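Remarks on the structure that follows.
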Amino acid sequence: MKKILFSLALLSAGMMLTSCEDKLEVEQKATSSTGNFYKTDADAESAVTAMYATFNGEIGGNEGIWNAYIMGLNYSSDDVFAAGGDKADHTGFRELNEFRFDASFGPFKTLYNHIYKAIYSANLVINYFGETADTPAKKKAVAEARVMRAWAHMLAAQVYYRPPLIDHLITTDKPTNAESQKAIFDFCVKECEEAMADLPDRQGQGDKEGAWVVTKGFAQFVGGKSALFGGDNAKAKSMLKPLVESPNYALVPGERFRDLFHVEGDGCEEKIFEFNYVTNTAAAGGSEAWRGGNNRGRWMVANVLNWRGDDIVGGGKNPQICSTGGWGGGAINQDFAHKMLANDGDSYRRKATFLTSDEFFYDPTLCPWADDVEAGGTLATRAEKELDPNRGITKSAGSFSRSDVMEVKMMMHPNDAGLAVGDNCNNTNFCLARLGEAYLLYAEACLATGDNAEAKKYINKIQQRAGSQTISAEVNLQVLQDEKQYELWFEGCRWLDIVRWGIAKECYDKVLDNIPLQWDEYWNPSDGSAPQTKPHKLYYKIHHPFAEDGVKLEFVKNKHEYWPIPQSVIEVNDQMHQVWGAWAN
């Protein structure tokens, strides 16, 4: 019987087939054998398209309220609160955010499985075309697969310590721990370098599709970032330099910074690579979200990251900036927000990241309420809005993990909604690489190799585009670290960076169990006066809910820098072990 391709089948031994074997020799329908497929340019295009679809679903998809990449990487940061309704809400998120987990924690397994399923899809292309690619189309398909495989391995090594390096199709052999973190990052660099010769450049800044497939620019990004994480700063600089100087990419103007995180920015000149989301209501049984009609739309992740409707007058879509009622996750840490406000002032970047109390209540261009004239209401003056009973935060117990600012960066706006599915289906493309990050990676490599003038040039470009009131006359690692935090908040970088910089514990020690509770002076005056007599204004108080219950939250050095290899993986594979610090004990 011919060998049949399965989407991802690693079949366990133990099937008892004895006398029934002859009955199994039946031609399987609607499949292609490896002997007939992987032959033509059309086959190569089909195979690499299937690989992209797998990456899209595995990395860009979600399990209900979870997207392991979005939530896992960002909720592990020191400048994000899991938030929600209270200490008991969104328990899984909170366990991750507060380091209350063990090796059996579900999201660790989820992201691990997603990464290695994606790698498998790339290995299929490389395995069956890699040795026989005799046309430009086939060589291009293999190169695309090698870069996507490198990106997935880079992510694995950023999150886990010495995860497997899988450079071939697994058949009977078992995956083993990689030799070292550096070995994985070096592999990623080599893969990207060797793939570039067979990859096209993006065809100019207006080439949207050039942001949705692997190009030479994405290979440079992955290779350069891998080199930086692997400690090879000179290599990182040399790989990233042609990318940051390429005419095929550009920073969007400051007034469009906000668009980078919404549908208006899909495929724009700053995007290096992103998963292109298309709502398909015919997929998996129709438009209902729970049937999978928006399996590429981050269904319910929007609810998590939108402001908590229960705490706001009118709930749901009031203010009008919200696509739908939310659950208040992904809140910005107030200390970081205040630091960014002092640095950036009234910048495009800051206003696209979070709003001040004044902007939240009174700026109809940034945050229109139902009663604002601009939103179709009747209130025009500041005095009218200050005592408007149809706006504000009403929760008498205080909005959990919220302060005197309101994050907006990753909140889903009405235009982002795929309404064919629902107003909680975010159709914004899923960005893995943009030029703003590439500038800062390159600047860091320049600093590390003593080229401060070049580092300053690119850090200043980021600051100027942001509209920041701070343009650095001199730069050093601290300036770079701060600027990267301002530019890339909630973009999956912060946790990985502070671990790499060796400052994780000092960062986490400042924030764990220091939880703000937020009130509105109009509804719950801070001085105990009668409600609805003071103008709307956000204020907060810091609480320590775990200490109050006798529980100490702690980031343990030499343990929490990496997620453990999932316990389920260790249990089924005797070749895999925990090899990082306290996890290995």
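None of the values given here were measured: they were computed from a predicted structure.
Residues passing the side-chain hydrogen bond (donor to acceptor under 3.5 Å, both in side chains) test with Trp212 are Glu274, sequence neighbours excluded. Checked against ring pair (Phe, Tyr, Trp, His ring centres under 6.0 Å), Phe490 has no partners two or more places apart in sequence or in another chain.
Under the 3.5 Å distance criterion, with hydrogens and angles disregarded, no donor-acceptor pair is assigned to the side chains of Asp416 and Asn427. Looking at Asn514 and His544, their side chains do bring a donor and an acceptor atom within 3.5 Å of each other.
Checking side-chain atoms of Asn429 against main-chain N and O of Tyr277 turns up a donor-acceptor pair under 3.5 Å. Side-chain atoms of Glu194 do not come within 3.5 Å of backbone N or O of Glu191 as any donor-acceptor pair. In terms of modelled atom types and a separation under 3.5 Å, the side chain of Arg149 and the main chain of Asp167 share a donor-acceptor contact. Looking only at distances, no side-chain donor or acceptor of Asn177 sits under 3.5 Å from a matching main-chain atom of Met576. At distances below 3.5 Å, not a single donor-acceptor pair connects side-chain atoms of Asp86 with backbone N or O atoms of Phe400. Judged purely by atom type and a 3.5 angstrom limit, Trp583 uses its side chain to pair as donor or acceptor with the backbone of Tyr562.
The distance from atom CG of Asp186 to atom CD of Glu179, rounded to the nearest 0.5 Å, is 9.5 Å. With values rounded to the nearest 0.5 angstrom, Ile498 atom CD1 is found 10.0 Å from Gln481 atom CD. Taken from CG in Leu496 to CG in Leu155, the straight-line distance is 7.5 Å, to the nearest 0.5 Å.
Here Trp66 and Phe93 bring their ring centres to under 6.0 angstrom of each other. Ring centers of Phe101 and His560: under 6.0 Å apart, within the cut-off. Ring centers of Tyr508 and Phe99: under 6.0 Å apart, within the cut-off. Proximity of the aromatic rings of Phe55 and Tyr52 is defined here by a centroid distance below 6.0 angstrom, and this criterion is not met. Aromatic pair Tyr116/Tyr112: ring centres closer than 6.0 Å.
Using bins of under 30°, 30° to 60° and over 60° for the plane-to-plane angle, the ring pair Tyr160/Trp563 lands in the perpendicular bin.
Phe261 carries Lys409 over the face of its six-membered ring, with the cationic atom under 6.0 Å from the centre and within 45° of the normal. For the pair Lys87 and Phe546, the cation sits on the ring face: its NZ or CZ lies under 6.0 Å from the ring centre, inside 45° of the axis.
Nearest approach of Leu96 to Phe105, heavy atoms of both residues: CB-CE2, 3.8 Å.
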What pairs of donor and acceptor atoms, side-chain ones from residues 218-237 against any protein atom, are under 3.5 angstrom apart with sequence neighbours left out?
unit_1 : atom_1 : unit_2 : atom_2 : d
Lys225 : NZ     : Glu437 : OE2    : 2.6
Ser226 : OG     : Val222 : O      : 2.8
Asp232 : OD1    : Lys235 : N      : 3.1
Lys235 : NZ     : Glu193 : OE2    : 2.6
Lys237 : NZ     : Asp451 : OD2    : 2.9

